[in-house]
Amino acid sequence: MLSIFVFMLLASNKNCFGLTSNPKIRCVEKEKQALLKFKETLTDVHDSLSSWGSKNDKKECCKWRGVKCNNHTGHVAVLNLSTWSLRGKISPSLLELQHLKYLDLSGNSFGGNYTPIPNQHLGNISSLQYLSLGGSYDLSGGNLEWLSYFPLLRHLDLGLVDLNQATNWLELVIHNLPLLEYLNLRGCQLPNQVPPTRPLNSSLYLTVVDLSYNEMSSLIPNALGKMISLVHLELRKNQFVGRIPKSFANLSHLQSLNLKWSCVTEQVPEVLDKLSGSEKSLQILDFDSNQLSGTLPDFTRFSSLRELYLGGNKLTGAFPKSFRHVLPNLVVLELGENQISGMLPDLTAFPSLTRLQLLKNRLNGTINKSVGKLSKLEYLDASMNSFEGIISESHFSNLSSLKYLDFSNNQLIFNISSDWIPPFQLDVIGLRSCKLGPDFPEWLRNQNNFSELDVSGAGISSVVPNWFWDLPPNLVELNTSHNQMKGLVPDLSSVDSLFSMDLSSNCFRGQIPRLPSSSSTALDLSKNLFSGSISFICANNATFFELLFLDLSSNQLSGGLPDCWELFPILKVINFADNTLSGELPISLGSLTSLGALQLSNNNFSGKLPESLKNLKWLKIIDVGGNRFTGKLQPWLGTHFPSLMILSLRFNKFYGDVPRHICHLDSIQVLDFSQNDLSGKLPRCFDNFSSLVQGDYYVEEAIDFVYYSTIFRGYVSVQWKRQEREYRNTLGLLKIIDLSSNKLSGEIPREIASLAVLVSLNLSRNNFTGKIVQNIDQMKMLDSLDLSRNRLFGEIPPTLASLSFLCVLDLSNNNLFGKIPKGTQLQSFNASVYSGNAQLCGDPLPDKCPGEEQGGAPGNKKGIQEEGDEDWFTTPAFYISLGVGFACGFWAIFGTILFSSVSRYAWFKFLDEVADWLYVTTAVNFNRMKRRLRG
């Protein structure tokens, strides 16, 4: 609508310029020379100015392309060079075109400072009515004071021209251009408006104003509400402070208002009240992605409304129970990404609706069947709500125009007859987590044109019918994951347009078929029953040049890796874990220079890690655990991967020392060398692991691999708390070092205590000697500590009792001696965590330390004192103190989560372990009470 309006404005301006096509009219020689001088300063890559010249066949400038002359005087009146791909600087010679009324140089690449006022007066140039310089990124317009020389301007387009010096731009426009009708200052880096030096008058003629994409952080100018003829106001992508000016109530002709992405903070009812003057004229209202709050009011009082965008705000409450008026012209209603609750209302008040977006709210109840009466509806997105109940044919009875349907992430149950023929042909089908099964939905058989299909987690457990695999040739995304679908997957190589295919977590069997290769970017066949080799990767005519993510993990695949990885220039993720693949790794893996994750764990690979892997400098995850790899740990493992976060070599046959170069991994978060044959002393440089020494202010909870709009979330199986778990959404929170079950010796380096954000440390089943590091209390986030089955000696350092988050501890089978330090944490563990240390004593071990035994007068006195201590645990005061202490501690920890990302992990751990801690503490106190009662 805006473009049509501007075109009409342009046409009306040209008609009043007295333009000519009369061949008898000759141009003025002075103006011809000015144009030729202008041409000399330009680079014309497309030869657009080829008709301009001095030769006999080109000497008449009124016939030049882009030039129009007045039909009476022959003076140049119009110069239109829009979007001619011209480059260079704008020559001052244009100022000699003193009768120019229309100048359009937009869409070119002019640079330098442009001020159309020369240093010396060249005559009257005030006749210009149309000036467009928009689209010249490198052009600067100065302070705009030159606008005063063009009082007749009706159209001014300076879009993308640098105006950061124009501090009083609005005042200059209003006072100097009283006839202005069109103003475009889009993306001009406008500064925040300074207070005007004089009162701003009303602008009587401005109908179109575009101030979008300027990132202004001031108040919305009140003067905009005084532009009483305003029809289109474009203010999107700014950072306005405050609210909508009350003066906007004066805009009785306003048809469109766009404030998308502009940080507006206000109650929605107040916003609509301030626009009351345009109740009969307003057609488009866009406040998408702001900070609007409050409940959604009845907006049907805007009788001409065609498009309403309120998504991405903070709207709460329910829809109005009913709408006062029918809006016959409303075609777009977008309310997604708010907090709107309640049930979906009767939508028949909007019979012309073509687009309805409600995603990511808190809507509940059943889907109103009135949706099925919206015969013009093309786009319906109600995903990520809490809708429930039955979806039947009647919900779609009249939706013959529907192209986009997304009910994903609701609790809807599709109860549709197997012989139902839908009235629509969908382009996008999103039914993730809806209940479609157990049988495969037959109604999909009649959908022949969809480009996206997502029926993941839909409870389908039947054999996929053969007709389904006759996929549309325009299919882009296919997701059938997290069902129990059965059967064989046929040859799909003919679906050339397939961008992403996810068949994971099903029961598909047989060999992996030929797959589309030319356009595929993501292929996930993990967690199925596929068998055989993966030779399809190197099959004839297979060209996976666009492939980014390849996940074949958790199948029954066998054989070796093919040697053709140079065919995958932009591959970011390889996951072949949990198969029975074997053989040595091919050297061509080193050609995957964009690779971010190499996951080959739990296979039968053997040999040494090829040195070519050191070319993969962007790796974040290396997981080759659970294989038969051998050899020494090479220094390049530590020096060539600056972004490496997870390095797992566990359960292999690596031997030799841990090289000091490993300490160069300053981004490492999970380091697992467990269950190998490593020996020697640990390097004393663990304090170089900067990501474990000091946590970042902002921690990514997941490890995502992103390529434009395609996202693959990394996941790894990690041994933690003596259990192997798969971590995906919280993988980025893990901070683990596991060197257990090797032959490492010497003292535990004291530098290890500097790892203040480490969560789990496992050095068990080695030959470490010496004492436990004294300053272990610096490891404040430690949740799990296992030093068992070593040769450690000495006393347990009292600082160990200061680790308030410690939930798993094992110091058994060492040579520790002395009294276990007092502290709630250390006494709450089972006695088995201290067993195998013959000279260790004190609670919770049954062996008392010397001087603590009962007997004799002094002993009786100690016994009485002990009994008094135990009495404290049976009094109400203890349990009151325990409750108050727990509450205070909980809120202290929870409060820090708001300000410190490091504390997130504490919250995560707290949820996971609080039940166990309470159980152990209660059991200990209960046993003490029983001993007292028996005594």
Side-chain angles (χ1 to χ4, degrees), residues 1 282-286 296 298-311 319-336 340 342-359 361 363 365-383 385 387 389-408 410 412-431 434 436 441-454 472 474:
M1 177 179 294
L282 193 63
Q283 299 180 26
I284 301 174
L285 181 60
D286 192 343
L296 183 68
D298 185 355
F299 51 83
T300 59
R301 56 178 167 162
F302 294 90
S303 56
S304 299
L305 198 61
R306 291 176 51 83
E307 301 175 20
L308 178 61
Y309 304 89
L310 294 175
F319 278 92
K321 292 183 178 180
S322 61
F323 293 101
R324 190 181 313 166
H325 305 289
V326 174
L327 290 183
N329 298 318
L330 188 68
V331 294
V332 176
L333 179 59
E334 291 198 3
L335 302 173
I340 302 173
M343 300 182 68
L344 196 63
D346 187 344
L347 297 172
T348 54
F350 317 122
S352 299
L353 208 59
T354 63
R355 182 180 178 90
L356 177 60
Q357 187 203 70
L358 303 170
L359 81 159
N361 276 285
L363 296 168
T366 59
I367 299 286
N368 196 309
K369 291 185 178 181
S370 64
V371 171
K373 299 179 182 180
L374 302 176
S375 60
K376 297 181 180 180
L377 195 64
E378 300 176 5
Y379 182 105
L380 174 58
D381 189 347
S383 61
N385 280 282
F387 288 119
I390 304 296
I391 295 293
S392 64
E393 296 92 331
S394 59
H395 286 87
F396 308 108
S397 56
N398 293 320
L399 301 185
S400 57
S401 301
L402 196 64
K403 298 294 182 184
Y404 186 110
L405 174 65
D406 196 345
F407 282 157
S408 298
N410 285 285
L412 298 170
I413 301 173
F414 277 65
N415 184 13
I416 293 178
S417 172
S418 60
D419 58 359
W420 177 63
I421 299 178
F424 46 70
Q425 280 291 327
L426 294 173
D427 177 56
V428 173
I429 306 173
L431 300 175
C434 294
L436 301 180
E442 285 287 329
W443 62 270
L444 287 177
R445 187 170 192 169
N446 298 288
Q447 299 301 300
N448 304 315
N449 298 316
F450 57 86
S451 62
E452 298 180 26
L453 173 64
D454 187 347
N474 60 320

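Nothing fancy with the numbering, it's 1 onward along the sequence. Atom set for the values below is all heavy atoms of this structure, side chains included, hydrogens, waters and symmetry mates excluded.
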Whether D298 side chain and R324 backbone form a donor-acceptor pair below 3.5 Å: yes
Parallel, tilted or perpendicular: ring planes of F414 versus W443, cut at 30 and 60 degrees: parallel
Backbone of K376 reached by a side-chain donor or acceptor of T354 within 3.5 Å: no
Qualifying residues under side chain to side chain donor-acceptor pair (under 3.5 Å), relative to D454, sequence neighbours excluded: R432, S456
Side chain to side chain, L402 and L426, heavy atoms closer than 4.5 Å: yes
Rounded distance [0.5 Å steps], CZ in R306 versus OG in S304: 10.0 Å
Contact check, side chains of I429 and F407, non-hydrogen atoms, under 4.5 Å: no
Distance (rounded to the nearest 0.5 Å) between D406 CG and E452 CD: 9.0 Å
Heavy-atom closest pair, residues F299 and L330: CE1-CD2, 4.1 Å
Student check: side-chain heavy atoms of V331 and E307 closer than 4.5 Å: yes
Separation of L380 CG from I367 CD1 (nearest 0.5 Å): 7.5 Å
Point-to-point distance, once rounded to the nearest 0.5 Å, from CD1 of I413 to CZ of F387: 15.0 Å
N361 CG to F319 CZ distance, which is reported to the nearest 0.5 Å: 7.5 Å
Side-chain heavy atoms of V371 within contact of H395, under 4.5 Å: no
Cationic N near anionic O, under 4.0 Å, E334 to R355: yes
Side-chain touch L363/L358, heavy atoms, less than 4.5 angstrom: yes
Atom pair CG (L374) and OG (S400), whose distance is rounded to the nearest 0.5 Å: 11.0 Å
Pairwise side-chain contact, L377 with L356, heavy-atom cut-off 4.5 Å (strictly under): yes
Residue pair N474 / S451, side-chain donor-acceptor N/O under 3.5 Å: no
Sub-4.5 Å side-chain heavy-atom contact between Q447 and P422: yes
Any F350 side-chain heavy atom under 4.5 Å of T300 side chain: yes
